[in-house]
Each structure stands twice: as C-alpha cells, then as structure tokens.
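For reference, the structure is listed below as structure tokens.
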Amino acid sequence: MPKLSALKDKVAPLYRRGDAVYFLDQLALPGKVAYRRCATPEAVAHAIRAMVLRGAPLIGCAAAYGYALAAKGAAVCDGRLWARLDRAERLLAASRPTAVNLFWALRAMRAKAEDLRASGSRTFYRSLLAEADAVTREDVEVNRRMAGHGAKLLPKGGALMTICNTGALATAGIGTALGVIRWAHELGRAKLVYPLETRPYLQGARLTMWELAQAGIPSRLITDGMAAHIMKTERIAAVLTGADRVAANGDAANKIGTYGLALLAKAHGIPFYVVAPSSTVDMKTAHGGDIVIEERSEAEVLEVRGLRLAPAGARARHPAFDVTPARLITGLVTDRGVFRAPYGPALRKAFKS
Ligand code: MRU
C-alpha cells in the first residue's frame, strides 16, 4: 500500500536559509531550475508581484517570511520596529489582490508579533522567523490531508481534467488539486490527466506538465478551447481545480477559465471538485461578487513570452481569475473534510471562528 507521506518533490518551491528565503524562479521553468534569494520584505513583495512564485498557498508562505524579515536582527520590538512591520505588511498586502492566503498569513504573523511584543519577548525576530517556518510546515500537512480526502472521491482508473498549476510549485507541499491527483495516481484512481494549458500565463503547459512529468503521471496537454470536445469524446471521471479564495457561500475564485470549465463539466454530467485549504476559505467575503479579481497587463494576452500575436495597436483584457458559483461545485475538498451544497451553512459551522 503506497504511503501519502512518501510523496515528496525533488525541487522545493521555497526554502529558508539563515536570514533569507529562496524562491524557485517559476518564470524560468520549465527550461531552467534556478533560485532567487530574497532577504527583505521589499524583495519578497517584488517576487510575488513579478510571479517569480505564485499559487495561493505559496504566496501565503512567502508573505509570512516577508513580514518576518522586516524585523531582521531585532531582539526586542520598539515603536520604530513596529512602524517597519506595519509598512512591510502594507507592502506585501498590495502585491497581489485575489489569493486570500496572502492576507491570512499576514494576519497570522501580525497576531504573533502582537503576542511577542505584549510578552516582552527578547527573541522577537527569531520567533517571527520560526512562525513563518511553522506556517510553511503546516501547509505541507494540510496538503496531505486534502489529498487523502480528495482521492477517495475518485473512481478507479479514471481520466481527470485540471486547470492552472495547483501542485508542489503552488504550495509548500504536494499541492491542492494536483496533490489529490498525485495521490489518486498512486492509488490507481488517475490513469491519465488532461491539464488545460491555461491561457494566457500558461501555468498548465509550463508548470503542471513539468510536475506531472516529474511524478511520472501520464498526461496529455490540451488548449483551453479543447476542454468541451475532450469531455464529450473521452471518459472524464472528474474535474479538479484549486481556488484562490472561497467565499462564505461556497463561490470560488480561481484561475481564469475555471468558471467555463465548471459550466462544461455541468453540461457533461462530470463532477467538479474544488480543492483548497482552510486558509483559502474567506468567511468575511459573503459571495463571489465581492472578490477582487486581479486585472493583469494586456501584453500578457497580446504576446506569448515576448512574441507578438495580435496586430499592432490591438487592445486586450486580462482578468487573471474568475468566480465559479457554488451551484456548479460538486464538492469542496479541504483539509477539514469534503463540503457539499448548501455550502453556506456547512462552511459557517466549520469555519465560524
Ligand atoms: O496567478 P497564479 O498562477 O498565482 O494563479 C494560481 C491559481 O489560480 C491556482 O489555481 C490557485 O492558486 C489555486 S491552488 C494552488
């Protein structure tokens, strides 16, 4: 019997050494494995903004380190340091708007900093760094729990479809939706995976395909426009996606294209599962309409990696996320178990604090 704890990755998306955090440069993948060193909150915020790292849970871990680094070297917390922490928090919070894990991690770090200050800690910086380490370690365990819950939902030997990148590159562990897929593959419940290329940023083509190859999971990359045809002509057992924010009513924001995929899954009678950790559930956001959707540069649509596609002068739109209404979601797989409609009462009960 395979062991869930044995699922490991050769390449870590982030690690800390001393007073710096190193991010696997996802802009260089799949061509090159290289790390970028960040030793200040400014450098971490820049890395998040520039997409050196991405994926909701990983952005949360990075923000936790960014916050801790604002206190570098400080044994105790005085007024000046507190102002520095406030500035770092504002800077990091402004790096990307949609993934709530960023704000969740900053809240957790601030709460820790308040406790340390109130208790007169003399190891202020070291304790904050240890807290960021703990946030990151916890994500590993949370990923495993989601994989355990999610894989049970899938039939033996089926083909699965997914979008964006939700694996080890997007989290500190094995991933959200891709973590479920990896564990399902070990159990014989994922014989083939169809990742969507995920226009325009191509997380599916560049990152998910790279991870699937590393894990030895059979896959066939499809462009986003092929999803309906593949659903109609192949036997797809389930669609699994991650989420960047799940509202209190179960509406889920995720990578642009996810909503369309959910509509297609509904039309073809295919179960559609969203896999997200507790830190992605945002009980302060009543419904999906209140989620801020990041609007990214037009150039990312008009060009592919520097190659111009559209004629000179053409304009584009680039909403980077969309919201899938709760009614299209068959189940929400979290580290606390699987939730089903009606999501409002179920999430209120489980996440009321
Ligand atoms: O813009 P990105 O690459 O940060 O978007 C990532 C996604 O949308 C993922 O699907 C998401 O974070 C959910 S699970 C890791």
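All ligand and atom numbering here is 1-based and tracks the order in the structure. Predicted model only: the values in this text are computed from it and were never measured.
- Taking a cut-off of under 4.0 Å to the non-hydrogen atoms of Q203, the atoms of ligand 1 that pass are 1 (O), 2 (P), 3 (O).
- Using a 4.0 Å cutoff on heavy atoms, T258 does not count as a contact of ligand 1.
- Less than 4.0 angstrom separates some heavy atom of C164 from each of these atoms of ligand 1: 5 (O), 6 (C), 7 (C), 8 (O), 9 (C), 10 (O).
- With no hydrogens or angles considered, no side-chain donor-acceptor pair links D244 and T98 at under 3.5 Å.
- The distance between the ring centers of F23 and Y15 does not fall below 6.0 angstrom.
- One side chain, E300 or H318, offers a donor N or O that lies under 3.5 Å from an acceptor on the other.
- Among protein heavy atoms, atom 14 (S) of ligand 1 sits closest to T176 OG1, 3.2 Å.
- Less than 4.0 angstrom separates some heavy atom of A170 from each of these atoms of ligand 1: 15 (C).
- A56 approaches A243 most closely through the heavy-atom pair CB-O, 3.9 Å.
- If you look at E294 next to ligand 1, there are no close heavy atoms at all, none under 4.0 Å.
- If you number the atoms of ligand 1 from 1 as listed, the ones under 4.0 Å from a heavy atom of P57 come out as 15 (C).
- Side-chain atoms of Y125 and D19 include a donor-acceptor pair closer than 3.5 Å.
- Atoms of ligand 1 found under 4.0 Å from any heavy atom of R96 (numbered from 1 in listed order, with element): 1 (O), 2 (P), 4 (O).
- For ligand 1 and A56, the ligand atoms under 4.0 Å from any heavy atom of the residue are 12 (O).
- R54 and Q203 share no donor-acceptor pair across their side chains, judged by distance under 3.5 Å alone.
- Within the 4.0 Å heavy-atom shell around ligand 1 one does not find Y201.
- Side chains of Y259 and N254: no donor on one and acceptor on the other come within 3.5 Å.
- In this structure, atom 11 (C) of ligand 1 lies nearest to the protein heavy atom D244 OD1, 3.1 Å.
- Any N or O atom pair closer than 3.5 Å counts here, and A243 shares no such pair with ligand 1.
- Short contacts between ligand 1 and K255, defined as distances under 4.0 Å to a heavy atom of the residue, involve ligand atoms 1 (O), 2 (P), 5 (O), 8 (O).
- Annotation: cation-pi geometry satisfied between K255 and F321 (NZ/CZ under 6.0 angstrom from ring centroid, within 45° of ring axis).
- A side-chain N or O of R37 and one of Y22 form a donor-acceptor pair less than 3.5 Å apart.
- Contacts between T241 and ligand 1 below 4.0 angstrom, taking non-hydrogen atoms only, are absent altogether.
- The atoms of ligand 1 that sit less than 4.0 Å from any heavy atom of N254 are 7 (C), 8 (O), 9 (C), 10 (O), 11 (C), 13 (C).
- Using modelled atom types, one finds a donor on one side chain and an acceptor on the other under 3.5 Å when comparing R336 with S278.
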